[in-house]
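Reckoned from all heavy atoms, side chains included, excluding hydrogens, waters and symmetry mates.
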Amino acid sequence: MSLVLDPAAQDLLFREARTANTFTDEPVTEEQVQAIYDLVKFGPTAFNQTPLRITLVRSAEARDRLVRHMAEGNQAKTASAPLVAILSADNEFHEELPTLFPAFPQAKDLFFAERPAREGSATLNAALQAAYFIVGVRAAGLAAGPMTGFDAEGIRKEFLDDDHTPLIVVNIGKPGEGASYPRSPRLSYEQVVTTV
């Protein structure tokens with residue numbers, strides 16, 4: 001096989017990992033979330049920018065506020081997941097670039113002085129980081145249930161501010177009974193890859 005990663009790890013992260021819709025009541029600890037972040041923060045982004053922001057929804061009061069903004073089909077699973085994370089893009093990420101990308105500190109002003117340029121870059125790179133986060137959840141032996149079915153403006157007003165754009169809400173925990181649908185098909189290599 002051409003992959004260096006152990007087959008068991010490949011299964012854990014990709015082949016056997018599934019989006020979970022139900023969870024056990026086993027809690028997700030702060031230590032687990034920190035370990036996940038401390039692993040996935042090394043995933044590559046443009047200019048080493050780090051626009052992803054993670055809002056952990058733990059309290060019952062905050063959970064109730066969040067559930068109101070979820071699409072109807074996502075409400076029950078969001079209400080019952082051991083932990084929910086709102087993943088958002090910080091549109092003012094450029095302020096950290098001189099520290100995060102010391103090889104080219106002028107990138108902050110050269111490429112990201114205008115808000116529209118920042119928003120586009122923040123969305124793309126935070127989405128990359130969100131994907132790393134989901135794989136990190138799997139690396140911790142947990143399941144993720146990422147969702148985009150929600151009122152983004154409502155969540156922004158309820159939990160964030162005008163400088164943050166909500167991207168994904170992720171339910172996190174140990175998968176429960178009937179957590180996943182049967183595996184859906186994927187496109188083949190030949191359907192996706194073109195050599196020029």
Side-chain angles (χ1 to χ4, degrees), residues 1-46 48-58 62-63 66-67 70-71 73-90 100 122-150 155 166-193:
M1 181 169 269
S2 299
L3 298 176
V4 174
L5 191 65
D6 178 79
Q10 295 173 37
D11 288 343
L12 176 71
L13 299 178
F14 294 101
R15 289 192 203 98
E16 300 299 325
R18 307 297 301 283
T19 294
N21 294 295
T22 66
F23 298 90
T24 70
D25 58 3
E26 183 177 330
V28 177
T29 67
E30 195 70 28
E31 292 77 18
Q32 287 173 301
V33 178
Q34 184 164 350
I36 291 165
Y37 179 75
D38 285 342
L39 174 66
V40 304
K41 68 183 178 184
F42 294 108
T45 58
N48 199 38
Q49 62 185 268
T50 308
L52 180 69
R53 298 295 178 265
I54 303 167
T55 303
L56 300 178
V57 182
R58 288 196 181 274
R63 186 72 62 99
L66 175 61
V67 166
M70 300 303 294
N74 292 332
Q75 289 179 349
K77 56 189 170 184
T78 302
S80 63
L83 178 63
V84 182
I86 301 168
L87 305 186
S88 62
D90 181 357
L100 293 174
T123 298
L124 173 62
N125 287 280
L128 280 173
Q129 290 186 286
Y132 303 145
F133 180 81
I134 292 166
V135 173
V137 167
R138 293 170 172 184
L142 300 169
M147 302 167 290
T148 56
F150 55 81
I155 286 179
L167 300 175
I168 304 171
V169 175
V170 184
N171 295 329
I172 304 168
K174 293 282 188 181
E177 186 74 27
S180 301
Y181 299 117
R183 171 73 74 193
S184 294
R186 299 294 195 269
L187 296 177
S188 70
Y189 178 88
E190 293 76 18
Q191 291 173 293
V192 173
V193 178

If you apply the rule side chain to side chain contact (heavy atoms under 4.5 Å, CB included), what do you find for V40 with V135, and how did you get there? CA-CA 8 Å; V40 304; V135 173; 5.9 Å; no
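One distance of note links CD1 of I172 with CD1 of I134; it measures 9.0 Å at 0.5 Å rounding. The OG atom of S88 sits 7.0 Å away from atom CG of L52, with the distance rounded to the nearest 0.5 Å. Annotation: the span from T55 atom OG1 to L87 atom CG amounts to 8.5 Å, rounded to 0.5 Å.
Residues I155 and P166 approach most closely at CG2-CB, 4.0 Å, considering heavy atoms. Between F14 and R183, the closest heavy-atom pair is O-NH2, 3.6 Å. Annotation for A143 and P175: closest pair CB-CD, 3.9 Å, computed over non-hydrogen atoms. Residue G136 comes nearest to I36 through the heavy atom pair O-CG1, 3.6 Å, listed as atom of the first residue, atom of the second, then distance. Of all heavy-atom pairs spanning A85 and L56, the tightest one is CB-CD2, 4.0 Å. Taking both residues in full, the closest heavy atoms of L39 and A139 are given as CD2-CB, 4.1 Å, listed atom of the first, atom of the second, then distance.
Checked by atom type and distance alone, the side chain of T148 never pairs as donor or acceptor with a backbone atom of I168 at under 3.5 Å. At distances below 3.5 Å, not a single donor-acceptor pair connects side-chain atoms of R18 with backbone N or O atoms of E16. The backbone N or O of T78 lies less than 3.5 Å from a partner atom in the side chain of R63, making a donor-acceptor pair. For the pair T45 (side chain) and T50 (backbone), a donor-acceptor distance under 3.5 Å is absent.
Within the structure, the side-chain hydrogen bond (donor to acceptor under 3.5 Å, both in side chains) test picks out the following pairs touching residues 125-135 (sequence neighbours left out): Q49-N125, S121-N125. Screening residues 31-43 for salt bridge (charged side-chain N to carboxylate O under 4.0 Å, His left out), with sequence neighbours left out, gives D38-K41.
Residues F23 and L142 fail the side-chain proximity criterion, which asks for heavy atoms closer than 4.5 Å. Looking at R58 and L83, their side chains come closer than 4.5 Å, going by heavy atoms from C-beta outward. Side-chain contact between L13 and L5: present, with at least one pair of heavy atoms (C-beta onward) separated by less than 4.5 Å.
Residues passing the side chain to side chain donor-acceptor pair (under 3.5 Å) test with D11 are R15, sequence neighbours excluded.
With K77 as reference, N21 is the one residue of N21, N171, T22 to meet the side-chain hydrogen bond (donor to acceptor under 3.5 Å, both in side chains) rule.
By the 6.0 Å contact criterion, CD on Q34 is open, its count of non-hydrogen atoms from other residues, nucleotides or ligands being 12 or less.
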